[in-house]
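By convention in this document, chain letters (A, B, ...) are assigned in the order of the sequence lines, proteins followed by strands, and residues within each chain are numbered from 1.
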Amino acid sequence: MPRQILVTAALPYANGHIHLGHLVEYIQTDIWVRFQKLRGNRCIYLCADDTHGTAIMIRARQEGRSEEVLIADMQAAHERDFAAFDIAFDNYGSTNSPENRQLCGEIWQSIRAAGLVRAADVSQLYDPVAGTFLADRFVKGTCPKCGAADQYGDSCDKCGSTYSPADLINPTSTLSGTSPEVRSAAHLFIELEKLHAFLDTWTQSGNHLQPEIANYLKGHFLGEPLRDWDVSRPAPYFGFEIPDSPGNYWYVWFDAPIGYMASLRQWCDKTGEKFESWWPREGTINESAQPPTSNLQPPTSPEVHHFIGKDITYFHTLFWPGMLKTAGYQLPEKVHIHGFLTVNGEKMSKSKGTFVRAATYLNHLDPSFLRYYYASKLTPRVDDLDMNLEEFVAKGNADLVGKVVNLASRCAGFVKTTGLSARYPDDGGLFAHAAAEGEAIAAAYEECDYNRAMRLIMALADRANPFVEENAPWNLKKDPAQAARLQEVCTVALNLFRQLAVYLAPVLPRLAQQAGELFDRPITKWTDASEPLVDVPVRPFQHMLKRVTPEEVQKMIEESREEAAATTPAGLPLAPPVPSDTAQQDSAAALAAEPLTSECSIDDFAKVDLRVARILSAEDVPEARKLLKLTVSLGGDVKRTVFAGIKAAYQPEQLVGRLVIIVANLAPRQMKFGLSEGMVCASGPGGAEVYLLSPDNGAVPGQRVH
RNA sequence: GGGCCCGUAGCUCAGCGGUUAGAGCAGGGGACUCAUAAUCCCUUGGUCGGGGGUUCGAUCCCCUCCGGGCCUACCA
């Protein structure tokens, strides 16, 4: 009986673009979902953008647009990136959706009704200019203990002491630069301790969590009373207002996991499926805390599986089960937790160019290679995953191109006119052996041990190529009397190839598609690997995967470094990440250094004619302290001379050829060294810290910036 | 400061209380020419981080030290 499985990946935060770190999770999950579907289980993959919170509100303000516009743009970009990596969601929603608002309300009511909510005043620093309460990290001042200047609101880097931001001497808001005041506001708390017994049982029983996670929770959180969870934020806050507490909003981490359910509701509305049959309202402590089934009986109820990164463990293993339990919803069958991505053994680094956005990767490399590489490195454990770039190139080329695709590539040509033999020939047990390995491979996929699955599959490929070698079809071809034998040998080799394509289908859907097309027999189910294909035509072989080169990888790294250099002020510390899966939180220092100016109308903005321009030449102005003389093209014969104060930041030769944005209708200005006919757009405080703006690939000189 | 994880061949990793510790890649030698300079065969290479202990026997269990990573910080 097919299982019914609902799978989620963590909701990416709308504050940043998808990068290679995010993709570990979405690819890991996508592989698992594709595997389940291939096995004949009913499985859906749900996700959504996580859109609420202070960070979004601040960013929208910084960018001078509404939160809704910001999150819509980001969601479109996220979905584009996911699709390009063959990450196939059954539904992709948003936490800022009516479905989510309604579900939050329902669950909130249940928690209220269960008597788990209490109110308490929280004193926080408030920025009267920005009109918002300030999280600790948005306040800087002098340490009250040791007097060190410029310390964040929660602790001192110098002496290590911790304190409340209100204790800081001369506190300053990093948003507006003004001095914040202490204000008190009522917050709502969920008394998680009342669920302690349930959480003890749920986390430690069954197979809901990896052993190291269950152990971690036991030792770190469950060994003492659980603290109340502050789930409200006072206005202004971008999120949902709490219906029975006007002026207060649900904290982003309250509504984010409910977003899984909201996405399910959208999917149900789209497909006519019933919400209750995928996420039933049931599950008392006794039922849910026990292992769901014995070995004899397959589960009959739908399963909910969450895939998350280790940074958001406690939201998904304590708060979320607590919420579900209280609201009477079925609990997750399993929360699968993975580690972080490192590149060449180190944390991803913007300055080293190893902080690679999904879109940047796609400019240079094939998504299939990343899917395979991650698969070959993923285990069921919480360990970090290292992406060694040399290994990435070697492994993809050797395994996928050299071993797997090569089987088809070297044999398909011999049988393009005859097709495969009418009966499957004696192959010394090769096919049967690989078919028998299917269950071991499936077991590895099932438990997320993709590393083992890939090793098992490649071991099969390692048996297939020697078969071709021993039977040397290229020699058989020379003798017309051996035509039947030639066809047999190729029938074996091509079937072995197809078997590998089936086993790799969860990882490499495109390869499975191509393998299906080669014989005009689509690969649709796992058992396609257990029956050989016979008596079918073989279509002309077409390249299935292009080898990657170290140069392409290098270009990707270069581009990432340039992107980072254009966005990250050197020398300023990055604020720590917000508690969302691999999301980025930028420092507030830049905005504080130069607060926003007064608002302008769209008509005001339209007066400024920004254009894409290409730098044709750049030369030093020796007598000038800061200036370079640039000649830029606006396309055709239209050229401008611009003096730009970027000498300390750029070498003239590195500028030639690149695209920049210029203010094209700025009144010409006579300078000591000549007439400047425009202005090149750049950010940064000045000196060596000047960062030219670049358009994305595809922009051409002369285009106006709107 | 507390906690967790890791340290096995040049690299990435498997393994496991018990014959002589494995794989892929890289390196060396040879073969082949069908294939995306792919493939096949042979081969070099490890005091399983150091030191103690338990055991008939330890890479595996325990202690400790060293090194690396991550999390969290008047709490875990």
Side-chain angles (χ1 to χ4, degrees), chain A residues 136 145 154-157 159-164 167 210-227 309-314 318 337-347 366 373-374 376-379 381-416 444 449-459 461-478 486 489-490 493-494 497 541-549 576-577 579:
Chain A
D136 295 351
K145 297 269 169 55
D154 51 353
S155 67
C156 175
D157 286 344
C159 70
S161 61
T162 56
Y163 39 76
S164 140
D167 300 333
Q210 288 132 299
E212 60 264 50
I213 296 293
N215 201 26
Y216 163 76
L217 295 174
K218 190 178 182 178
H220 290 245
F221 293 98
L222 295 167
E224 60 174 43
L226 294 161
R227 278 167 289 170
K310 63 182 180 182
D311 53 331
I312 56 177
T313 295
Y314 66 92
L318 297 178
I337 302 177
H338 61 79
F340 296 141
L341 178 72
T342 57
V343 179
N344 289 340
E346 298 178 319
K347 233 170 151 171
D366 181 341
Y373 185 77
Y374 282 175
S376 75
K377 305 288 280 189
L378 278 164
T379 71
R381 289 180 295 279
V382 191
D383 304 341
D384 289 350
L385 185 163
D386 185 50
M387 178 166 182
N388 180 284
L389 294 173
E390 281 181 37
E391 188 196 24
F392 167 77
V393 172
K395 210 177 183 75
N397 287 340
D399 291 357
L400 298 182
V401 181
K403 284 180 187 168
V404 178
V405 173
N406 187 233
L407 273 174
S409 158
R410 66 193 309 198
C411 292
F414 294 126
V415 286
K416 62 186 173 207
D449 200 346
Y450 304 161
N451 165 272
R452 186 153 58 90
M454 296 308 107
R455 277 186 291 123
L456 289 169
I457 294 168
M458 286 310 142
D462 284 335
R463 291 168 145 244
N465 274 304
F467 171 86
V468 178
E469 210 71 30
E470 283 159 23
N471 289 280
W474 52 94
N475 287 335
L476 296 172
K477 189 189 169 200
K478 293 171 188 164
L486 173 64
V489 168
C490 294
L494 290 170
F497 161 72
F541 180 81
Q542 295 180 331
H543 270 28
M544 296 180 175
L545 280 170
K546 193 170 133 305
R547 309 177 76 79
V548 301
T549 65

(request) Could you check whether the rings of A:Tyr314 and A:Phe221 sit parallel, tilted or perpendicular, using 30° and 60° as the cut-offs? (result)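 Taking A:Phe221 first and then A:Tyr314, their aromatic rings sit tilted (interplane angle of 30° to 60°).
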Closest to the [X] side chain: [options]?
X        : options                : result
A:Ser409 : B:rC75, B:rU36, B:rG24 : B:rU36
A:Lys310 : B:rC41, B:rC70, B:rC25 : B:rC70
A:Asp384 : B:rC70, B:rU36, B:rC40 : B:rC70
A:Leu545 : B:rC40, B:rU36, B:rC70 : B:rU36
A:Asn406 : B:rC25, B:rA14, B:rU39 : B:rU39

Between [N] and [M], how far apart are the two [atom1] atoms, rounded to whole Å?
N      : M      : atom1 : answer
B:rU20 : B:rC48 : C1'   : 15 Å
B:rC66 : B:rU39 : P     : 46 Å
B:rU59 : B:rG49 : C1'   : 12 Å

(message) Could you tell me if the side chain of A:Val489 sits less than 4.5 Å from the side chain of A:Leu476, heavy atoms only?
(response)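 Side-chain contact under 4.5 Å: yes.
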(message) Are the side chains of A:Met387 and A:Thr342 in contact, using a 4.5 Å heavy-atom criterion?
(response) no
(request) Could you give me the CA-CA distance, side-chain angles and deciding distance for A:Phe541 and A:Ser409, then say whether side-chain contact (heavy atoms from CB on, under 4.5 Å) is met? (result) CA-CA 7 Å; A:Phe541 180 81; A:Ser409 158; 3.5 Å; yes
(message) Within this structure, what is the CD1-CG distance for the pair A:Ile457 and A:Asp462, rounded to the nearest 0.5 Å?
(response) 12.0 Å
(request) Could you tell me the separation between the CG atom of A:Leu318 and the CG atom of A:Leu222, rounded to the nearest 0.5 Å? (result)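 With rounding to 0.5 Å, CG (A:Leu318) is 5.5 Å from CG (A:Leu222).
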Under 3.5 Å: donor-acceptor pair, side chain of [X], backbone of [Y]:
X        : Y        : answer
A:Asn465 : A:Lys403 : yes
A:Asn451 : A:Ser376 : yes
A:Asn471 : A:Pro473 : no
A:Asp384 : A:Phe340 : yes
A:Asp366 : A:Lys546 : no

(request) Give a yes or no on whether a salt bridge exists between A:Glu391 and A:Lys377, defined as a side-chain N under 4.0 angstrom from a carboxylate O. (result) yes
(message) Any side-chain N or O of A:Arg381 below 4.0 angstrom from OP1/OP2 of B:rA14?
(response)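 Result: yes.
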Using whole Å, report how far [atom1] of [X] lies from [atom2] of [N].
X        : N      : atom1 : atom2 : result
A:Leu385 : B:rC70 : CG    : C1'   : 14 Å
A:Asp311 : B:rC70 : CG    : C1'   : 11 Å
A:His543 : B:rA38 : NE2   : P     : 13 Å
A:Asp399 : B:rA38 : CG    : C1'   : 13 Å
A:Tyr450 : B:rG24 : OH    : P     : 25 Å
A:Asp449 : B:rA14 : CG    : C1'   : 10 Å
A:Arg463 : B:rC41 : CZ    : C1'   : 17 Å
A:Asn465 : B:rG24 : CG    : P     : 13 Å

(request) Represent RNA chain B in dot-bracket notation, 5' to 3'. Only Watson-Crick or G-U wobble pairs with both distances under 3.5 Å count; pseudoknot-style crossings use [ ] and interstrand partners use |. (result) (((((((..((((....[...)))).(((((.......))))).....(((((..]....))))))))))))....
Between the protein and nucleotides 28-32 of chain B, which nitrogen or oxygen pairs are less than 3.5 angstrom apart?
none

Have a look at [X] and say if it touches a base, only the backbone sugar-phosphate, or nothing, with a 4.0 Å heavy-atom cut-off.
X        : result
A:Met458 : nothing
A:Val405 : base
A:Pro473 : nothing
A:Lys477 : nothing

(request) Indicate the atoms forming the closest heavy-atom contact of A:Tyr373 with A:Asp386, along with that distance. (result) OH-O, 3.3 Å
For nucleotides 9-12 of chain B, list the nitrogen or oxygen atoms of the protein found under 3.5 Å from its nitrogen or oxygen atoms, one pair per line.
unit_1	atom_1	unit_2	atom_2	d
B:rU12	O3'	A:Lys377	NZ	2.9
B:rU12	O2'	A:Lys377	NZ	2.4
B:rU12	O2'	A:Glu391	OE2	3.0

Between the protein and nucleotides 2-4 of chain B, are there any N/O to N/O pairs under 3.5 Å, and if so, what are the atom names and distances?
unit_1	atom_1	unit_2	atom_2	d
B:rG3	O2'	A:His220	NE2	2.5

(message) Assess the residue pair A:Val401 and A:Asn406 against the criterion (side-chain contact (heavy atoms from CB on, under 4.5 Å)); give the C-alpha distance rounded to whole Å, side-chain angles, the decisive distance to 0.1 Å, and a yes or no.
(response) CA-CA 6 Å; A:Val401 181; A:Asn406 187 233; over 6 Å; no
(request) Could you tell me which residues satisfy salt bridge (Lys or Arg N to Asp or Glu O under 4.0 Å) with A:Arg452, sequence neighbours excluded, listed by chain and number? (result)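 Expected list: A:Glu447, A:Asp449.
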(message) If the condition is ring pair (Phe, Tyr, Trp, His ring centres under 6.0 Å), which residues does A:Tyr374 pass it with, not counting sequence neighbours?
(response)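 So A:Tyr374 forms no ring pair (Phe, Tyr, Trp, His ring centres under 6.0 Å) with any residue.
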(request) Select from A:Gly402 and A:Phe221 the residue whose nearest nucleotide in RNA chain B is closer to the 5' end of that strand. (result) A:Gly402
